[in-house]
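Every heavy atom of this structure was used, including side-chain atoms; hydrogens, water molecules and symmetry mates were not. Each chain gets a letter, A, B and so on, in the order its sequence line appears, and its residues count up from 1.
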Protein chains: 2
Amino acid sequence: MELNVRKKKILEVIIRDYINTAEPVGSRTLSKRCNLGISPATIRNEMADLEELGFLVQPHTSSGRIPTQQAYRYYVDEIMEIQKLEKMIRTDIHRGFLDHNTELGPTMSHTAQVLSQLTNYTAVVLAPRVTNFNCKHVQIVSLIKNRVLMVVVTQEGMAKNIEVTLSQEVDTILALKLSNVINGFLKNTILSEMSSDLIDQIQELSPAESKLIHEIIPHLKKVLMEDASEVHSTGLTNLFNYPEFSDVNKIKQLINIVQEKQVLSEMMTSKDGNRIIRIKIGSENDNENLKDFSIITSTYELDGEMMGAFGVIGPTRMNYDNVSSVLNYIRNELNLHISNLLMK
Amino acid sequence: MELNVRKKKILEVIIRDYINTAEPVGSRTLSKRCNLGISPATIRNEMADLEELGFLVQPHTSSGRIPTQQAYRYYVDEIMEIQKLEKMIRTDIHRGFLDHNTELGPTMSHTAQVLSQLTNYTAVVLAPRVTNFNCKHVQIVSLIKNRVLMVVVTQEGMAKNIEVTLSQEVDTILALKLSNVINGFLKNTILSEMSSDLIDQIQELSPAESKLIHEIIPHLKKVLMEDASEVHSTGLTNLFNYPEFSDVNKIKQLINIVQEKQVLSEMMTSKDGNRIIRIKIGSENDNENLKDFSIITSTYELDGEMMGAFGVIGPTRMNYDNVSSVLNYIRNELNLHISNLLMK
DNA sequence: TGTTAGCACTCGATTATTGTGAGTGCTAAT
DNA sequence: ATTAGCACTCACAATAATCGAGTGCTAACA
């Protein structure tokens, strides 16, 4: 779809204006704002064309026009350019991260904080996930009776743990022995290749111990496989200030989105070509609850491998420029700090 | 404050009616509903008295009356009696818990689920906290470089862990040694009494190791002390259906409450005499955001020691009877299942 | 041929007007 | 002490009147 220069310019101004005001924009006000020296009447003609092409709609006859989803998509693809953030903001963000990069948890919540504050929308951050990473070390800790805590540590130094109930009692001594056996094993094999047969070949185990190992391995695999990464969200109430969210039903949708962590997590980690900044506008989202929202996300990596994602949820008339710039910069910061934190 | 029988009865019916309908109740409708065989005019007189006493207010002249906070308080203290739940509901709840009592986490989220479903309000559950419990076992797990995961296990088999960065590198061997040293120590001393002097008396440590122990102990103490227990909440959107929450600002308040986990946690664990069911109505709450809500909470125990809390947030015209009954029963269930889960 | 001034028209939003009805307080009769 | 009767109040809903930003169309103009 190609538009001539003037149409493009007019569309741009309309979108910008609507993003700011949430009011349908009419030809007269527009003619004042955009200094192209063309009269309202001409603009009206152009607007009529743009409407025919599917970029604009009128909420009712004889009102101003508002952009369609198609318009936002065109804007994002063809008009907008990701700006570099102002120097002052950049250093502000950078300093903030320096103050919060001692541990992983705080770094994540700080990221969410910064995102929602800088954009005035709702921020979502996925903590680093262990999926796809190799298990370096396992620690079984006896809790009480037949309950144990399993800690899985990846090559990169990320940890994840679950409590499980086993079929037999496990005391501190036994827990240590089981840990040692599994860790000995991990020196030669990766966890996902640990089969029943291999376990049976271990010499030094009593039948009871062997049975326990058989129970434990699937749990460990599950921990490493399942992507139940923690999802931080901040600035839920930010959206309440926008007129389109004075409707309680919209708010319900938003809350449902944020609470379906599993869905959110999958959505944010799915690829979109090679794009660094992924933008989904309104019904481009598969999730029913997100149909009235736009979501912009990005990911952070360690050593080329995707570790987690973060992004912003807002109205479809979102400030795509600003959010993209912010995400872009924060992505760099995150990559930097995460690798400082985890790799040697 | 004493009311004669008839006033008490009238007040009761008004409150019940208002809780159901959220509409101001007038003398005529009331006279039909309450079968005391008294005319609207008489009721009007009584209502005027009750208004003078501070139990009722009129939103505007010549409208029906609505109960004041004082009325709810009186209702809760003097009128209402906690009913036993219907047999069918009891067995339903009981079965539900049986299906979810293998691990602590699921038990907690199931509790929140059941609470919000049964009451139609917002449920909040505080997971068991380690505070006040004695540390039985400590496990230091090496993550990477100078980062370690510390696991603290209490006498009762609850676990809590944090990641910290230490001043020196800690590998797997060293982590094990440090764990052993601390655990050896724990055989004779409780964690909170571990002082610097005592650490210095340990023989088998190199200066570097001794320094690490000095760093580790405060972290362990902090884990055991601080009450950053996880707060589950469910059914946020339940409240949206009530007419008093069509106002976006009320919703904002609610979300703020649920997000201030620290405050919520303190509020729910603070005692209120020896009451099992604690009821705070509107401005009886210290927290500014809770001034328009009522909150009913209870606690669950292990071996007489309070472990956590749970409760329900709703409008001040909350169904105090039903919620109290539900909390009362769930409390028993929780006590039962938690002790099954944790103690021998 | 593209642009613009002019004009009649549209329609949501705002304000004013009027009923309607559930409710009240007061008084007088029971 | 209770109640029927009555005049009065006031939020709420429905209807009508007004306003104004915006439109489409036509004719004139560069």
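One can place CD1 of B:I43 at 9 Å from P of C:dT24, the figure rounded to the nearest angstrom. Atom CG of B:L56 is separated from atom C1' of C:dG23 by 14 Å (rounded to the nearest Å). One atom, CE of B:M47, and another, P of C:dA22, lie 15 Å apart when rounded to the nearest Å. In this entry the distance linking CD of A:E46 with C1' of C:dG2 reads 10 Å, nearest Å. Counting to the nearest Å, the C1' atom of D:dT2 and the CD1 atom of B:I10 are 12 Å from each other. Taking atom CG of residue B:N45 and atom P of nucleotide C:dA28, one finds them 15 Å apart after rounding to whole Å. In this structure, CG of A:L30 is placed 16 Å from P of D:dA21, rounded to the nearest angstrom.
Taking only side-chain atoms of A:S62, from C-beta outward, the nucleotide of C:dT10, C:dC7, C:dG25 with the closest atom is C:dT10. Relative to the side chain of B:R28, the nucleotides D:dT3, C:dG23, D:dC25 differ in distance, and C:dG23 lies closest. The listed nucleotides are D:dT23, C:dG25, C:dG23; the one nearest the side chain of A:S27 is D:dT23. Comparing C:dT4, D:dT3, C:dG25 by their nearest atom to the side chain of A:I38 picks out C:dT4. Taking the side chain of B:R6 as heavy atoms from C-beta on, and the options D:dT2, C:dT4, C:dG23, the nearest nucleotide is D:dT2. Comparing C:dG25, C:dG12, C:dA5 against the side chain of A:H60 picks out C:dG12 as the nearest. Listed nucleotides D:dG24, D:dT3, C:dT24 differ in distance to A:Q58; the shortest reach to its side chain belongs to D:dG24.
One finds a salt bridge joining B:D321 and B:R16 here, because a Lys/Arg side-chain nitrogen approaches an Asp/Glu carboxylate oxygen to under 4.0 Å.
Toward the 5′ end of DNA chain D lies the nearest nucleotide of B:R44, the other residue of the pair B:P59 and B:R44 mapping further downstream.
Between A:T29 and D:dG22 there is a side-chain N or O to OP1 or OP2 distance below 4.0 Å. An OP1 or OP2 oxygen of C:dT4 is reached within less than 4.0 angstrom by a side-chain nitrogen or oxygen of A:S39. Here B:R65 reaches the OP1 or OP2 of C:dT24: one of its side-chain N or O atoms lies under 4.0 Å away. Between A:T61 and C:dC11 there is a side-chain polar atom (N or O) within less than 4.0 angstrom of OP1 or OP2. Within the structure, every side-chain polar atom (N or O) of B:T42 is placed at least 4.0 Å from both OP1 and OP2 of D:dT2.
More than 12 heavy atoms of other residues, nucleotides or ligands lie within 6.0 Å of CZ in B:R317, so this atom counts as buried by the packing criterion.
A:Y72 has its ring centre no less than 6.0 Å from the ring centre of A:F55.
At least one donor-acceptor pair under 3.5 Å links the side chain of B:Q58 to the backbone N or O of B:S63.
Relative to the ring axis of B:F240, A:K252 does not place its NZ or CZ within 45° and under 6.0 Å from the centre.
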